[in-house]
There are 2 protein chains.
Amino acid sequence: MARPPSDTPKAADRILATAGELFYREGARAVGVDQIVERAQSTKPSLYRAFGSKDQLIAAYLEGQGQQMWSNFDAAVAAHPDDPKAQILAYVDALGDRALGKGSRGCGLTNAVVEYPDPKHPGHRVAVGHKDRLRSRLRDLTRAMDARKPKKLADSLLLLIEGVFVTSQLFGPDGPAGAARGAAEALIEAHTRKAPKAANDPPGHDRV
Amino acid sequence: MARPPSDTPKAADRILATAGELFYREGARAVGVDQIVERAQSTKPSLYRAFGSKDQLIAAYLEGQGQQMWSNFDAAVAAHPDDPKAQILAYVDALGDRALGKGSRGCGLTNAVVEYPDPKHPGHRVAVGHKDRLRSRLRDLTRAMDARKPKKLADSLLLLIEGVFVTSQLFGPDGPAGAARGAAEALIEAHTRKAPKAANDPPGHDRV
DNA sequence: TCAGCATGTAACTGACCGGTACGGTAAATT
DNA sequence: AATTTACCGTACCGGTCAGTTACATGCTGA
């Protein structure tokens, strides 16, 4: 099994790359398989041999989107070792910058769930899988920063993050994404300040 | 021009109502016109006589979604006269409750923009029109509550609001929407507290 | 009684959808 | 040299998409 040293990308790779661009830009439902294989300079049988169905191609695309999300996340974490607050802020900050850049259409994973509400859809599954892990990773960070209610803080930040994704599509380059970093700072500060502003908290427990 | 006292809804109304349910639940792109007219117990010519095209039917549906949003917003405002902070919190609170209710699929306007990224699409236009007005209304409220940076606070709240909409689809009934009210309180508090936490603000100006 | 309007019936168009049967070609293996 | 194996393309399928046509029906008020 010697390696094929061909420098031209295989058909499957070209198809996945092309499908990724089109799916992200126009939405998966709006893009037909004929359009994909034509732009990829390939053919439909190659697509179906490599991916089995359009839905599975969408799932593969979303898996790539997930990997990209984690590489962004991990970069923010690696940039600020042992400083969970700075890690989250770095992530949110970079997120806002990307969202305001031209050509941004938010998060492919989020968009896919909106386009495919059916939980049985393979793309839907992949997307919510990554989002669940994002929620859990955020909780790890908020716990590490000794937030009073780490789950609640993580969820608040998650609202902000998803808000950035979707408002970039609603409002374009002048959208509210620029407010994300400041808002994240305020939320973290409110959850880690010494004197809690409200006193009706069952201490030591973070049930919600 | 006597009124037609018929108690059976006209065909156009049935079509719009049925299309609304289907569009909201499954997404506009996933629903065909045949499916709509069948469930509405009507026919395609009636649909096209009344709405001209599917895209315009989508726009009509979104106009209704916009009206519903404003009725929710106005209800929150009316419930707390002359108290902009309570008005916003009431809106966010009710929003979170609705988003966590079963069968919720977030905001039809937001979803439509995700499904139809093309700014020329009539549905896209209608949706962003309403969202722009929402942003402006939020700014009115944050100005009225004497926030230090009303635009920034309004945008932060908007991120939260859109986050609620979209996370209800990503995480379901146990999603982060429950954290929205508390987060909104924290953001408002941070923007209206007497001593600003950061000192690098050009005073009196709220450029962003 | 008749005109006018709203609605339904039925058939149709052309384009596009996702998906497939089948045959070819070139390199690796023997 | 013969054969396997991996890869790829041509041509086509039935179904569904949005949208249209021509005509029939029934209810409305004048």
Side-chain angles (χ1 to χ4, degrees), chain A residues 1-20 22-23 25-62 112 115-116 118 120-124 126, chain B residues 1-20 22-23 25-62 112 115-118 120-124:
Chain A
M1 210 220 245
R3 84 206 41 174
S6 151
D7 57 336
T8 59
K10 302 260 184 191
D13 298 332
R14 291 192 326 256
I15 288 173
L16 183 55
T18 308
L22 293 175
F23 285 165
R25 206 166 7 131
E26 308 181 15
R29 271 214 144 97
V31 177
V33 289
D34 301 273
Q35 191 184 343
I36 295 170
V37 296
E38 185 192 339
R39 266 184 61 117
Q41 302 198 86
S42 183
T43 61
K44 281 205 275 188
S46 290
L47 190 158
Y48 283 93
R49 269 188 292 260
F51 301 98
S53 70
K54 185 193 174 182
D55 286 347
Q56 289 174 263
L57 174 61
I58 293 172
Y61 149 67
L62 292 173
E115 275 198 280
Y116 296 90
D118 182 1
K120 285 172 307 197
H121 190 283
H124 186 111
V126 171
Chain B
M1 211 219 248
R3 83 206 41 172
S6 152
D7 57 336
T8 59
K10 302 261 185 190
D13 299 332
R14 281 177 352 241
I15 289 173
L16 183 56
T18 306
L22 294 175
F23 286 165
R25 214 179 346 148
E26 308 180 16
R29 272 211 142 99
V31 177
V33 290
D34 302 273
Q35 190 183 345
I36 295 170
V37 297
E38 184 193 338
R39 266 183 63 118
Q41 302 199 85
S42 184
T43 61
K44 278 207 280 186
S46 289
L47 190 156
Y48 283 94
R49 273 188 287 256
F51 299 98
S53 71
K54 185 191 176 184
D55 285 348
Q56 290 174 263
L57 174 61
I58 293 172
Y61 148 68
L62 292 173
E115 275 199 279
Y116 296 91
D118 182 0
K120 284 173 305 196
H121 190 283
H124 186 110

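Just so it is clear, the structure is predicted and the values come from calculations on it, not from any experiment.
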With a 3.5 Å distance limit and no angle check, can you tell me whether R14(A) reaches the backbone of A40(A) through a side-chain donor-acceptor pair? yes

Separation of L16(B) atom CG from dT7(C) atom C1', in whole Å? 17 Å

I want to verify a distance call: between dA18(D), dC8(D), dA21(C), whose nearest atom is closest to the S46(A) side chain? dC8(D)

Which nucleotide sits closest to the side chain of P45(A): dG19(C), dT7(C), dT10(D)? dT10(D)

Whole-Å gap separating P (dT9(C)) and CG (L47(B)): 15 Å

What nucleotide, of dC7(D), dG8(C), dG19(C), holds the atom closest to the side chain of Y48(A)? dG19(C)

At under 4.0 Å between heavy atoms, what does Q35(B) touch on the DNA or RNA strands: base, sugar-phosphate, or nothing? nothing

For H121(B) and Y116(B), indicate whether the former's side chain and the latter's backbone hold a donor-acceptor pair under 3.5 Å. no

Judged by atom type as modelled, is there a donor-acceptor pair below 3.5 Å linking the side chain of K54(A) to the main-chain atoms of A28(A)? yes

With sugar-phosphate meaning primed atoms plus P, OP1 and OP2, does V31(B) contact a base, only sugar-phosphate, or nothing at under 4.0 Å between heavy atoms? sugar-phosphate

Among I58(A), T18(A), L62(A), find the residue that satisfies the side-chain contact (heavy atoms from CB on, under 4.5 Å) test when tested with F23(A). I58(A)

Rounded to whole Å, the CG-C1' distance (L57(A) to dG19(C)) equals 14 Å

Whole-Å gap separating C1' (dA18(D)) and CD1 (I36(B)): 11 Å

Rounded to whole Å, how long is the line connecting atom CZ of R29(A) with atom C1' of dA18(D)? 16 Å

Nearest whole angstrom, please: distance from the P of dA6(D) to the CZ of R49(A). 13 Å

Round to the nearest Å and state the distance from E38(A) atom CD to dA11(D) atom P. 16 Å

Would you indicate which nucleotide in dT20(D), dT9(C), dC8(D) comes nearest to any side-chain atom of T43(B)? dT9(C)

Main chain of R29(A), side chain of E115(A): is a donor-acceptor contact present, judged purely on distance under 3.5 Å? yes

Between dC8(D) and R14(A), is there an OP1 or OP2 to side-chain N/O distance shorter than 4.0 Å? no

Does any donor-acceptor pair link the side chain of K44(A) with the base of dG18(C) at a separation under 3.5 Å? yes

Can you measure K54(B) atom NZ to dA18(D) atom P for me and round it to whole angstrom units? 4 Å

Below 4.0 Å: OP1/OP2 of dG9(D) and any side-chain N or O of S42(A): yes

Considering heavy-atom distances to DNA chain C, does D34(A) or G52(A) have its closest nucleotide positioned more toward the 5' end? D34(A)

